[in-house]
Structure formats: C-alpha cells, structure tokens
Amino acid sequence: GAVVSQHPSRVICKSGTSVKIECRSLDFQATTMFWYRQFPKKSLMLMATSNEGSKATYEQGVEKDKFLINHASLTLSTLTVTSAHPEDSSFYICSAPGGRSYEQYFGPGTRLTVT
Amino acid sequence: KQEVTQIPAALSVPEGENLVLNCSFTDSAIYNLQWFRQDPGKGLTSLLLIQSSQREQTSGRLNASLDKSSGRSTLYIAASQPGDSATYLCAVRYSGGGADGLTFGKGTHLIIQP
C-alpha cells in the first residue's frame, strides 16, 4: 500500500512558539491531503483539507490563522501551529487518498505537547 | 452533518472467540467506508475499505459488511488473538463530490485476553 510519513513524531514546545509538522506521500502524488487532530481518548476530527497549489479548506471551528497549512508540492503538506498554547497539545495525523478507490492512507502521527 | 457511532465502546473477550464490532452512520449518501486499527499512541492502519456499491470485503480473519440503506457496517473478527487488541475505528467518506475527509466514530477499544 501507499506510504505516508510525518515528521517529527514527537515535539515538545513552549507556549507561544510555533511548530511545523510535515506530511509526505512517499511513493505517490497527492493533490489533496487531510489534517486531523485527536485528543486523548477521543476520535479523530478533521481539521482541514490541504490542496496543492491553492488555499486550504478549514472545518468549522478551526482557526485558519492559528493552523497554517501549506501544500507546495504534490508530495508535501505542512501544518504550522502558530503561537501554540497548552490546549493545542494533541495528536496530529495527516492522510492522503490514493488509487481509484480513494482509500485514505494515514501517516504515523505527531504528538505535540505544549508546556 | 454526518455522525458515525460505534458500539460497543469497549469489549474484552477470551482468545479464540469470534466477535462483531458495529458502526452506524446517519447519512446513507456515502462514497465509501473504511475500518482502521489504532494501537496506543500510534497512527492508523487501514484494515478494509468498502465502496458504497459493495456489500462486504474480506481480508484474512476480518470481514466487513455494509448495509448502506440502513446506515450500518459491521467488522467481524474470527478466531481472535491477543495481537488483535487495539482500538478499531470506523470512518465514512461522504459522496458529496470533490475531495472530502473522513468522519470517524469514537472507536471500539478491544482487548483479547490470552
């Protein structure tokens, strides 16, 4: 199956700083990628749809100025959490659809802890 | 808004038993449905994908069914093993056109006792 990677896998940052998370499709091209957030013992919630070469589409309640998404190439999308606060601590996972069946392939996730 | 519900929230059974996990969704206009496995602190592993036109998919000891009209899917696990212990997530993609993300259920936390 297709492989999606994320970097870093874990990051700890201080409140007020910004953190960038990368999502890469390793063996296929993805014009669209998705970013999800998962709080402890909760399910995944879609945050935004990342579109190659155009602006991201954000879900209701997600601050676009806080969660900056850039999809500069067909294999890379980045999520930047700006001015991070402790409540932003979460597990962030990206996915990309592949193949004609539009199966979603997920990255391994990034654990963000804001102190 | 599409809602996905999974029952039970948690399940603990002895090794060797067959078991069924349930998923229901409120809007039957789906494009496909995917079952995932998530181990603690890890990402998602795709188990089975069912297109809206399909009734079931099988992979090894796993069988997933889809009844779009009633808004239900089941994941059947045969001859369960301790290594099957994980959280199982059901997710639905709308058929609204364009690129849509998935709507997830809260998952079923499964423990297989050795």
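Computed from a predicted model, the values in this text were never measured in an experiment. Every chain is numbered from 1, with letters handed out A, B, ... down the list of sequences.
Proximity to chain A (any heavy atom under 4.5 Å) is restricted, for B:Q38, to the side chain, taken from C-beta onward. The parts of B:L102 that come within reach of chain A are both its backbone and its side chain, each placing non-hydrogen atoms under 4.5 angstrom from that chain. Contact annotation for B:L44: both backbone and side-chain heavy atoms come within less than 4.5 Å of a heavy atom of chain A. Contact of A:E59 with chain B is not made at all, since no heavy-atom distance falls under 4.5 Å.
There is a side-chain donor-acceptor pair under 3.5 Å between B:T58 and B:N63. Side-chain contact check for B:S69 and B:D67: at least one donor-acceptor pair (N or O, by modelled atom type) lies under 3.5 Å. Side-chain atoms of B:W35 and B:S46 include no donor-acceptor pair closer than 3.5 Å.
By a heavy-atom distance cut of under 4.5 Å, B:F104, B:G105, B:K106 are the residues of residues 103-114 of chain B near chain A, going up by number. Residue-level contacts of residues 68-96 of chain A with chain B, in order of numbering, are A:F91, A:I93; threshold 4.5 Å between heavy atoms.
For the pair B:F36/B:T87, no side-chain contact is recorded, criterion being any heavy-atom separation below 4.5 Å from C-beta on.
A salt bridge is absent between A:K20 and A:E22; no separation between the charged side-chain nitrogens and carboxylate oxygens falls under 4.0 Å.
Counting only distance, with no hydrogens or angles, the side chain of B:E17 and the backbone of B:P14 share no donor-acceptor pair below 3.5 Å. In this structure, A:Q38 contributes its side chain and A:K42 its backbone to a donor-acceptor pair below 3.5 Å. Between the side chain of B:Q2 and the main chain of B:T26, a donor-acceptor pair closer than 3.5 Å is present. The closest donor-acceptor contact from the side chain of B:Q6 to the backbone of B:Y88 lies under 3.5 Å. Side chain of B:R61 to main chain of B:A79: a donor-acceptor pair is present (N/O by atom type, distance under 3.5 Å, no hydrogens or angles).
Criterion: ILVMFWY side-chain heavy atoms under 4.5 Å apart, direct or through other members. Under it, A:M47 and A:V114 are part of a common hydrophobic cluster. Connection of A:L46 to B:V92 is not established within any shared hydrophobic cluster, with ILVMFWY side chains joined at heavy-atom distances below 4.5 Å, either directly or through further cluster members.
Heavy-atom pairs under 4.5 Å with chain B peak, among A:T110, A:L44, A:T31, A:T57, at A:L44.
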